[in-house]
Amino acid sequence: MRILKIATLVFGALVVVAGGVLAYVAATFDPNDYKPQLVELVRQHTQRTLKPEGDIRLAFWPGIGAELGKLSLSERNSEKPFVAVEGARFSLKLLPLLSKRLVVDEVTVRGARISLVRGRDGRMNFDDLLGDDAGAPRGPESRQPPAGGEAQQFAFDIDRVVIADSMLEFRDEAAGARYAVSKLNLQTGRIAGGAPTDVRLTLAAQGSQPKLDLAVDLKTRLTFGAGQGTLEGLALEVRGQVADVTGLVLKAGGTLRAKTDGSEFTADKLAVAATGMQGKEAFDVKLDVPAVAGSTQAFKAAAVALAADLKQGGREIKLRLASPLNGDLRAQRFSLPQWKADVSATGPDLPGKSISGNLAGAANLDIGKRHAQLNASGRIADSAIKARVGIADFSRPAFNFDVDIDRLDVDRLLPVQNTAAGGAAPAAKAPAAAGAEQPFDLSALKTLRMDGSIRVGALTVNKLRMQNVRAGLRASGGRLDVNPLTADLYQGSLSGTASVNAAAPVPAFSLKQNLSAVNVAPLLKDLADNETLEGRGTVSVDVTTRGNTGGTLKRALDGTAALRLADGALKGIDIGGAIRSAQARLGALKGEQTQQSDARQKTDFSELTATFRIAGGVARNNDLSMKSPLLRVGGEGEVNIGADTVNYLVKASIVGSGKGQGGRETEELRGVTVPVRISGPLAAPSYKLDFGAMITDSAKQKVGDAVKKQLQKHLPGGAAADGEKKGGSARDALKGLLGR
């Protein structure tokens, strides 16, 4: 006991002496006297300028500490500031050092400003501070002291950390991007092994690529020790704008546990929710991960659930997706091996006011190889879908795909037109409104790269019905090619190609199609609501055009077209009937008579052929040929596609005897040609029968027939030398013809 008392007295005396020495040093030593030497030392070793503008105050009892005023450090070989602080204070308790415990009373930093810059050469503006081998990889032995070393024997303990009103700026000169974290405030409780501490972090973040302006608030409880750290009660809230997303509110929560060596981590009850507006569309997305486990190498989550709601005008779209999630962090590969999704859309403009479907498949993402692939199958509305979609090179995405759909009604999926109760659909715009056409946007084509094929068993688009549709699509360099394009339609078939060149100064389009054995009447009805032609046969089109509005494209059409139809009819006009009814009025009528087309009337034909040359949106034809037992029709003229008008001259001749089609009256008009002028809007043209020309032609026909009869009477089949003997002279014959 006596020895213990002596030791205690000696130790107390040593403490008093040490305290006295420290007190004397504190009273007589002024660190501000050494500022010039410190500035010069920093300049020599780092080629940076240190500016300690405020006073430095030291304390040695009951702890070792310092308080700094204004302080700044420049960029290397520059006066531009790298780090600056308004003030800082820290203190280290002295007595715990004797038991190998680092106990820090407080670490406080006020008004810190840090400027980080990545130069055009890829180097950071602090690389020189890390030493010559800063960029060299470091193995585990360089990150950790040897087992049993002194560093592992010290216990770490901080009463609290405070960072107030600080800012961090990052500028990437190579990418031309800038990001800043401002209003940075961090406050913690006691940080020590095994002791839970509350952490609160708030900051504002701004950026240029993408544009962002965010306010961040993080609350959690941190516990670390025994080689493991835990974040419990994690509550993260982010508000603001990212790119074109405004009014963003993102919230995340859960519990994270991880070993400090990265060998293992787990996460429980992870939940992320985000709401906001993208343009005029509102969205609400929720992600739930009940549990995930892994390491810095790989992880697995048995179940991931995603719920997304999107509001677009009067529509609401809902997506629900569930799948396991696997990730290989070292290889940067991630997969959803068995995902299932339900999707639905509701809105007043949808058929039945709702559409729903379900899909299932697998998805893989390989960040290292910059490749992703999605396989899916299921049903959307009335369509059974099977698809494979791949994406390569994320910086310049290239898509490849193969899609198979049993049936697709595009018209059913497009918005329906709202009309008043019992009213008709809105009338078409007057031609004067054509100048108000909005140009279509082909900018997406300029960067689009894709190569794939689509097959549809039954397709309806713009009322046009097709079966067994096959289309190969390839896009590159601003050009989209559809080749081949084949389908069965209206009892016939279609084959050809189409292309769009958005890279040209003015967008260019081309279309080459051949329709074989097609029933024209229902095709025209569905395609253009036009019922002027019936028949079955071949239609070919080879055209090009340029423009960025529908009207411009029509007015710039160039190319050729041809048709060959059989057993059909030209509706709206009965040429034979008009000629027959005119015969009774030939003596009274002169000039032309205009009549409107009448859908109840038609001109039957057994064959109709025509070819067209198209230039400047005007299709010209001069070889129309229409044949029937009663008529032969030829014609020439033009169809102004840009103005939707027709100006055409048809020449019709009676060639048949007319049993059942006009009788004796038709027989009397055989050989007479009647000009018919068709003109006006394509939807409702008018036609004019030139009765004056018909009368002249009829008179000529009668005179010709009379001459023929008289010549046959007075010059019957004998030789000229016998003419006077058998029937008198030719002069007598002409006198008889003219009535003497």
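Arg564 meets the salt bridge (charged side-chain N to carboxylate O under 4.0 Å, His left out) test with no other residue; sequence neighbours excluded. Evaluation of the side-chain contact (heavy atoms from CB on, under 4.5 Å) rule for Leu527 yields Leu464 as partners, not counting sequence neighbours. With sequence neighbours left out, the side chain to side chain donor-acceptor pair (under 3.5 Å) criterion links Glu636 to no other residue. Listed by chain and residue number, Arg474 satisfy the salt bridge (charged side-chain N to carboxylate O under 4.0 Å, His left out) test with Asp451 (two or more places apart in sequence, or in another chain). Scanning for salt bridge (charged side-chain N to carboxylate O under 4.0 Å, His left out) contacts around Asp244 gives an empty result, with sequence neighbours left out. Residues that satisfy the side chain to side chain donor-acceptor pair (under 3.5 Å) test with Asp567, not counting sequence neighbours, are absent from this structure. Annotation: side chain to side chain donor-acceptor pair (under 3.5 Å) contacts of Gln209 (sequence neighbours excluded): none. Applying the salt bridge (charged side-chain N to carboxylate O under 4.0 Å, His left out) rule to Arg465 yields the partners Asp526; only residues at least two apart in sequence or on another chain are considered. In terms of the side chain to side chain donor-acceptor pair (under 3.5 Å) criterion, Ser493 has no residue partners (sequence neighbours excluded).
Side-chain contact between Thr552 and Arg546 is absent, with no heavy atoms from C-beta onward closer than 4.5 Å. Side chains of Asn647 and Asn640 form no contact here, defined as non-hydrogen atoms less than 4.5 Å apart.
The side chain to side chain contact (heavy atoms under 4.5 Å, CB included) with Leu494 is formed by just one residue from the set Leu485, Leu523, Val539, Val469; it is Leu485.
Judged purely by atom type and a 3.5 angstrom limit, Asp542 has no side-chain atom pairing as donor or acceptor with the backbone of Gly559. Using modelled atom types, no side-chain atom of Asn501 and backbone atom of Ala508 make a donor-acceptor pair closer than 3.5 Å. The closest donor-acceptor contact from the side chain of Arg536 to the backbone of Gln491 lies under 3.5 Å. In this structure, Asp411 contributes its side chain and Asn462 its backbone to a donor-acceptor pair below 3.5 Å.
The minimum heavy-atom distance between Ile380 and Gly357, with the atom names listed, is CD1-CA, 3.9 Å. Across all non-hydrogen atoms, the minimal contact from Glu534 to Leu565 is O-CD1, 4.2 Å. Among all heavy-atom pairs drawn from Pro439 and Thr549, the shortest one is CA-CG2, 3.7 Å. Pairing each heavy atom of Phe401 with each of Met450, the nearest pair is CE2-SD, 3.7 Å. Between Pro210 and Ala243, the closest heavy-atom pair is CB-CB, 4.2 Å. Gly314 approaches Pro348 most closely through the heavy-atom pair O-CD, 3.6 Å.
Atom NZ of Lys554 is surrounded by more than 12 heavy atoms from other residues, nucleotides or ligands within 6.0 Å. No more than 12 heavy atoms of other residues, nucleotides or ligands lie within 6.0 Å of CZ in Arg407, so this atom counts as exposed by the packing criterion.
The pair Lys386-Asp402 fails the salt-bridge criterion, with no side-chain N (NZ, NE, NH1 or NH2) lying under 4.0 Å from an Asp/Glu carboxylate O.
Among residue pairs with one or both ends in residues 481-495, those qualifying as salt bridge (Lys or Arg N to Asp or Glu O under 4.0 Å) are Arg479-Asp481; sequence neighbours excluded.
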For residues 512-521, which side-chain N or O atoms pair as donor and acceptor with protein atoms under 3.5 Å away, sequence neighbours left out?
from   : atom 1 : to     : atom 2 : distance (Å)
Gln513 : NE2    : Thr497 : O      : 3.2
Asn514 : ND2    : Ser516 : OG     : 3.1

Do any side-chain atoms of residues 615-624 form donor-acceptor pairs under 3.5 angstrom with protein atoms, and if so which ones, sequence neighbours left out?
from   : atom 1 : to     : atom 2 : distance (Å)
Arg620 : NE     : Glu638 : OE1    : 3.4
Asn621 : OD1    : Tyr648 : OH     : 2.1
Asn621 : ND2    : Thr611 : O      : 2.7
Asn621 : ND2    : Asp623 : OD1    : 2.6
Asp623 : OD1    : Thr611 : N      : 3.1
Asp623 : OD1    : Thr611 : OG1    : 3.3
Asp623 : OD2    : Thr611 : OG1    : 2.6

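Atoms CG and OG1, on Leu608 and Thr603 in that order, are 11.0 Å from each other to the nearest 0.5 Å.
There is a side-chain donor-acceptor pair under 3.5 Å between Asn400 and Arg388.
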